[in-house]
Number of protein chains: 2
Amino acid sequence: MLYLIGLGLGDAKDITVKGLEVVRRCSRVYLEAYTSVLTVGKEALEEFYGRKLVVADREEVEQEADNILKDADISDVAFLVVGDPFGATTHSDLVLRATKLGIPYRVIHNASIMNAVGCCGLQLYKFGETVSIVFWTDTWRPESFFDKVKKNRQNGMHTLCLLDIKVKEQSLENLIKGRKIYEPPRYMSVNQAAQQLLEIVQNQRIRGEEPVTEETLCVGLARVGADDQKIVAGTLRQMCTVDLGEPLHSLIITGGSIHPMEMEMLSLFSIPENSSESQSINGL
Amino acid sequence: MLYLIGLGLGDAKDITVKGLEVVRRCSRVYLEAYTSVLTVGKEALEEFYGRKLVVADREEVEQEADNILKDADISDVAFLVVGDPFGATTHSDLVLRATKLGIPYRVIHNASIMNAVGCCGLQLYKFGETVSIVFWTDTWRPESFFDKVKKNRQNGMHTLCLLDIKVKEQSLENLIKGRKIYEPPRYMSVNQAAQQLLEIVQNQRIRGEEPVTEETLCVGLARVGADDQKIVAGTLRQMCTVDLGEPLHSLIITGGSIHPMEMEMLSLFSIPENSSESQSINGL
């Protein structure tokens, strides 16, 4: 049996009791290591689970799926995923491959950023399509995702923005020379995301007609589910400078029409500053 | 401290290790009992947690929140919620009341139906606004939610339909006579939801222009996260008769443009029958 097990978002103890029981009895345990991170490292997980973990990065999951699935028809193999196995990144590829090999699979769910963002008080059912914001480079500055943000906002829906994670990146030089030397991991902050968004807003501005402006109410979230999680509500402009600390960060662009109960919850997290939308929060 | 703890979706062991530790040390533990159900009852939870649970229905949470929060500033109180505390139903009201009383709170997240539906293979980021489908009566047959379904589908987004739950309902007679006698709980099945939807589709049909028809590809899910979960993919018409067994059920109306990987996952769950969209799944 192949078990896809969500680890939740905080630390080692965010695994479910069911998930932990399975991890402890599986013959091999893999840890997916390219889409998200917990606030603790592999070693802390190994100590708590009492099991050695094999870290599987994107390359390995894609190229060595057969190794992961080896003997999973006669023994139990666990594949651990931060968040939920079908959250922000799905692991359909592994499931489909297992199914073709006649290996049964089972999903043990957990919280993912896709539902845990509800803790800011914005109602999950009012979220529209989720977007990803990638690190811009000098030559690649994609803006097309912004159409989805605008469409969501025009329809009164909030937009969850998942922020870029760069793990196991190679410099151009190392890539060309075939050297498997990797750059340190990079995680996009709410500041960086907001700055890129602000540039798009400024590029696209048609006087008075843009549904998203620098005054649009946003929510910045960091380390959701961890002991030191941080949530701030304020304008897009404020998101450019607010300090949320360590990764992972996420950003929500609100959908315009906000229910009074949502606004009251957001007021718990408001940034005290002189701006129209944050004033309306603080005024509650 | 007030702890809002998600129980996940299956049985007693779907609580997180962190959640279980908190439950075992809190001075009082409440179980929210009006928005969802696990496949096991209160007694099974009490046995596994080793704690007595106080069931809090909607009335109690709204009217006796002060009892729930009593002494939570000097002791620890747990409020257990099936799924995630900020999933389909949010518990902002309790958080806001606690905050006003100066009681700190903490959320221990878990899977909710809002993210666990990803297990059918449809990508969560492509879901639009979530809708609720309520039981129709002879005199009350709301259709307005359907505009959101159509809008989602026109924008290529899937729609998660949460299906009605009626708990602690009183008959009109008992209500008038003030007798606290309650009808047996009712949970809407995928069949019932699909039949209501089909009626709306037929009412609203403008020849060839409706984005949702009886041939629209849907996914029915039952008991997501439990050992005996069931997922079926087929047309809206097929959803009217497919047998998914015991509650809880959910229904997804797909968004029209489906990624090949999504379609391949759905093919694992397809109903073998002669219809255009299910043929295209089975043909994979």
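First the proteins, then the strands, lettered A, B, ... as listed; each starts at 1.
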Original post:
Under a 4.5 Å cut-off applied to non-hydrogen side-chain atoms, are B/Phe48 and A/Val17 in contact?
Top reply: yes
Subject >> Side chain / backbone / both / neither for A/Thr99 at chain B, heavy atoms under 4.5 Å >> reply: side chain
Original post:
Is there side-chain contact between B/Gln229 and A/Val107, with heavy atoms separated by less than 4.5 Å?
Top reply: no
Original post:
When only pairs under 4.5 Å are counted, which of B/Gly255, B/Cys120, B/Cys119, B/Gly225 shares the most heavy-atom pairs with chain A?
Top reply: B/Cys119
Subject >> Rounded distance [0.5 Å steps], OG in B/Ser92 versus NE2 in A/His259 >> reply: 9.5 Å
Subject >> Salt bridge A/Glu21-B/Lys13, side-chain N to carboxylate O under 4.0 Å >> reply: yes
Original post:
Based on non-hydrogen pairs under 4.5 Å, which of A/Ile108, A/Val131, A/Leu20, A/Asp11 is most in contact with chain B?
Top reply: A/Asp11
Original post:
Got B/Met114 and A/Tyr125 here, is their nearest side-chain heavy-atom distance under 4.5 Å?
Top reply: yes
Original post:
Is any side-chain heavy atom of A/Arg106 less than 4.5 Å from a side-chain heavy atom of B/Asp227?
Top reply: yes
Original post:
For residues B/Ser112 and A/Asn115, is any side-chain donor paired with an opposing acceptor at under 3.5 Å?
Top reply: yes
**OP:** Taking the side chain as every heavy atom from C-beta outward, state whether A/Leu268 and B/Leu96 have any atom pair closer than 4.5 Å.
**Re:** yes
Original post:
Do you know which of B/Met157, B/Lys148, B/Lys126 has the most heavy-atom pairs with chain A at a distance under 4.5 angstrom?
Top reply: B/Met157
Original post:
When you look at CD of A/Glu143, are more than 12 heavy atoms from neighbouring residues, nucleotides or ligands closer to it than 6.0 Å?
Top reply: yes
**OP:** Taking the side chain as every heavy atom from C-beta outward, state whether B/His109 and A/Val224 have any atom pair closer than 4.5 Å.
**Re:** yes
Subject >> Sole residue of A/Leu7, A/Asn110, A/Ile15 in side-chain contact (heavy atoms from CB on, under 4.5 Å) with B/Thr16 >> reply: A/Asn110
**OP:** Could you tell me which portion of A/Lys151 (side chain, backbone, both or neither) has an atom closer than 4.5 angstrom to a non-hydrogen atom of chain B?
**Re:** side chain
Subject >> 4.5 Å side-chain heavy-atom contact, A/Val95 and B/Met265 >> reply: yes
Original post:
Which one of A/Glu262, A/His158, A/Met261, A/Gln123 has the most heavy-atom pairs closer than 4.5 Å to chain B?
Top reply: A/Met261
**OP:** Looking only at non-hydrogen atoms, find the nearest pair between A/Phe86 and B/Leu124 and report the distance.
**Re:** O-CD1, 3.4 Å
